[in-house]
Number of protein chains: 4
Amino acid sequence: MSVTKPTVNKTAEIDAGKDRRAELLAAAAEVFVAKGFHDAKVSDVVTAAGVAQGTFYLYFKTKADVLLQLVNDCCLDIIGALAACSQVKADCRDPKQLRESNVAFLIDLFNLLENKHQAVKVVLSGQTGVDTAIDRALAELKSVLVEISKANLEAGMASGIIRKLDSTIVAEAVVGMIYHIAFERFVLGRRLGVSIRQLAEELVDFELDGIAAE
Amino acid sequence: MSVTKPTVNKTAEIDAGKDRRAELLAAAAEVFVAKGFHDAKVSDVVTAAGVAQGTFYLYFKTKADVLLQLVNDCCLDIIGALAACSQVKADCRDPKQLRESNVAFLIDLFNLLENKHQAVKVVLSGQTGVDTAIDRALAELKSVLVEISKANLEAGMASGIIRKLDSTIVAEAVVGMIYHIAFERFVLGRRLGVSIRQLAEELVDFELDGIAAE
Amino acid sequence: MSVTKPTVNKTAEIDAGKDRRAELLAAAAEVFVAKGFHDAKVSDVVTAAGVAQGTFYLYFKTKADVLLQLVNDCCLDIIGALAACSQVKADCRDPKQLRESNVAFLIDLFNLLENKHQAVKVVLSGQTGVDTAIDRALAELKSVLVEISKANLEAGMASGIIRKLDSTIVAEAVVGMIYHIAFERFVLGRRLGVSIRQLAEELVDFELDGIAAE
Amino acid sequence: MSVTKPTVNKTAEIDAGKDRRAELLAAAAEVFVAKGFHDAKVSDVVTAAGVAQGTFYLYFKTKADVLLQLVNDCCLDIIGALAACSQVKADCRDPKQLRESNVAFLIDLFNLLENKHQAVKVVLSGQTGVDTAIDRALAELKSVLVEISKANLEAGMASGIIRKLDSTIVAEAVVGMIYHIAFERFVLGRRLGVSIRQLAEELVDFELDGIAAE
DNA sequence: AATGAATGAGCTTTCATTCAT
DNA sequence: TATGAATGAAAGCTCATTCAT
């Protein structure tokens, strides 16, 4: 049926479809963050999006499906961005450069999270157990972060710029730290009285030098 | 007949009541961890506990109530234990002592979590949005950890053993790190190839000295 | 087992049993009036009676059974009393005597209702549809009242002291009037500012002479 | 396609909605009369209406809500009708006119009750204690009847057409009589062998002249 | 006789999903 | 595509009744 339609219409339709889909996705993110996935009703989402109940099912197979797409889209974006900005760090030699590249990385990450806003909140609030595909996507994102961290630690150890340590444990620790801080700031909205840059610098200082004096 | 019942029986009866409650609590923890609170049915819990549906409601007002009690019990226990073991650190003077008291604290905490087992899994998996009382208890636990951490950081800064830093941010970072590691190990069961002692030592090394060489 | 017990004990037991039964009956009446049969729980009744849940079932087969016994007891009492006091009227000749015997009858009836108190409230609130036996008892009571009224009307017509009328309709009307007034006074507690005697006199005036002047 | 729908269809749709509600209301009345509110299940109502369980909750908030609406609708209708037909009586001067206006009023009332059929049965069977709003509506209806009756009695006394009497008590008695007769005829179906006109005349004779000869 | 913990059938209500229009 | 009324499976919770002590 759609095959016989002129291209112009087809494009218009697709665009309209994309808009609708995007609207629903945005509305869903908003509602899921506000009430949590389980307490959010499909009717809440369609009300927020200003469409009818049935329209939801033109774009998503099930209620879980919209969460999956939300998480997938967001995770893929973040993973993509991480891949881009994490390569800078890999070959730094001196401590100052290490500090700077780490700070730059965190600032990039935090800005990314800040812009994604609602979708990020959904990802960070860790809606687990809804669907194995979602669990996989969330695990994948965390795993990518851990891998980046671990790879950097090992490269640094090889080049002598980082002390000998258990890269697995420390990578997990670093990622846990970042997730927690990101959750506080981007989901709960607790800015802790600092800008993104200040936050990144403080965290990198902690990561590199620890808390001990000297 | 009932008049002549020895005290022992009476005690046994009371214990039976406590046992039932404990059995249901344990079964609920198990089921909540396995399926998540929302997907867990009361019928799952009673089946796991081997009692009838109605029996559940002799001990708990609602399905959310059992989660609340689980979380409350567990959080109170942990907070109590933390209060006890966190005081050692407060007045240490030299770096070696600082390291040791931190390691001891983490070992105590991890052992506590390991023993509480299922209830801890429930607490750590962060079942949020079910009940404001539950949210409050979980927030309280985290807040206590952050406060302990912050107080220690500030005491250490005052005595010169800890460098100047933003105690709020670093305390959050440390707690995020611990939560994440605890979640990995005690909920997901990823032991990362180390004992609790090794884990604690590695984390304290990271916390005190960071990752930078020298 | 009870056969081998000495008579004294047996009597004591029976009395105790009667007391318990009476206590439960009284408690049930109270609770049924306060909450209505359907909203009243067996647990409310036993709590009010100060006995354990299981004890209820030593004296009554089901929850409906206690209502049945309450209604039966009360209806039988009233019917018995009615039979006694209604015979006076039957053979009165002159108008003054008719008025007096009617007033006396109503006073007797109202006093009876006032004394039965709670049980009467149960009967008058017309708990219908719980059990066919209960429906039958309530219908029987009303039917007896209607029959008395009808017989008196017909006797009066025969003796010329009462005008020609449809004894069935008027008997129903009279009974409806009495039920309604009794309900207002003995269930809802609206005394309408008069004593039982005044009430009876006013009603008999209305019954005999109607409202028209002259 | 839907864009081109003629207005007629839109109306049809709205009517469908009204019809559904009316169907459910009718089915509920039927079921409530047959089994009583408490023993009637929502599943009985939807089965009687030929719709699915969930459909019930598209039109009514709860099971009690449908009873409330039934009672409210019916009571309001009756009160409205009463207001209209009760004014005729107010200023009648001679006995014959008084009798005729009273008969006319009762005939109007009985016809109204006969037409409302099932809903009236629900109202007259006095489903009490389900919801305070329902209790209020039923009390309001009775109160209106009593007030009308009382006002007429007092007007009649003032104009000398009605003898001196306690208008409160007599008004209650008259309303009790009417309720009882209406219940017998319109709920239980006992027609007592007379037409509505005959019934009204007999009752008015009784009301005006009482039972005494002469 | 008295207890009260345990039972489990059965109810109301919710809400994701469908489908005729 | 869009609609929204209708669906019905499923879940939480209640409470009359039982029974071992």
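Since we're looking at a predicted model, the values are computed, not measured. Numbers restart at 1 for each chain; the letters A, B, ... are given by sequence-line order, proteins then strands.
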For the side chain of B:Lys63 and the backbone of B:Ala40, is there at least one donor-acceptor N/O pair under 3.5 Å apart?
-> yes
Listing, residues 44-52 of chain D side-chain donor-acceptor contacts under 3.5 Å, not counting sequence neighbours, or none:
residue, atom, partner, partner atom, Å
D:Asp44, OD2, D:Lys35, NZ, 3.2
D:Asp44, OD2, D:Lys41, N, 2.9
D:Thr47, OG1, D:Ser43, O, 2.6

Kindly determine whether C:Thr128 and D:Ser125 satisfy side chain to side chain contact (heavy atoms under 4.5 Å, CB included), including the steps that lead there.
-> CA-CA 9 Å; C:Thr128 277; D:Ser125 33; over 6 Å; no
Counting side-chain heavy atoms from CB outward, which of F:dT17, E:dT3, F:dT3 is closest to A:Leu58?
-> F:dT3
Option from B:Asp73, B:Asp65, B:Asn72 for which side chain to side chain donor-acceptor pair (under 3.5 Å) with B:Gln69 holds | B:Asp65
Walking DNA chain F from its 5' end, the first of B:Ser43 and C:Thr62 to be reached, judged by nearest nucleotide, is B:Ser43
Under 4.0 Å: is that the gap between some side-chain N or O of A:Arg20 and OP1 or OP2 of F:dT1?
-> no
Out of F:dT17, F:dG4, E:dA6, which has the shortest distance to the side chain of A:Ala52?
-> F:dG4
Would you call the rings of D:His38 and C:His38 parallel, tilted or perpendicular, where under 30° means parallel and over 60° means perpendicular?
-> parallel
Here the residues of residues 30-41 of chain D within 4.0 Å heavy-atom distance, strictly under, of DNA chain E are D:Ala40, D:Lys41
Are any of C:Tyr59's side-chain N or O atoms less than 4.0 Å away from OP1 or OP2 of E:dA1?
-> no
For A:Asp135 and A:Gly129, which heavy atoms make the closest approach, and how far apart are they?
-> OD1-N, 3.1 Å
Nearest-nucleotide check on DNA chain F, B:Tyr57 vs C:Gln53; residue mapping nearer the 5' end is B:Tyr57
When pairs are called at under 3.5 Å and a stem needs at least three consecutive Watson-Crick or G-U pairs, the stems of DNA chain F are E:2-21 with F:2-21
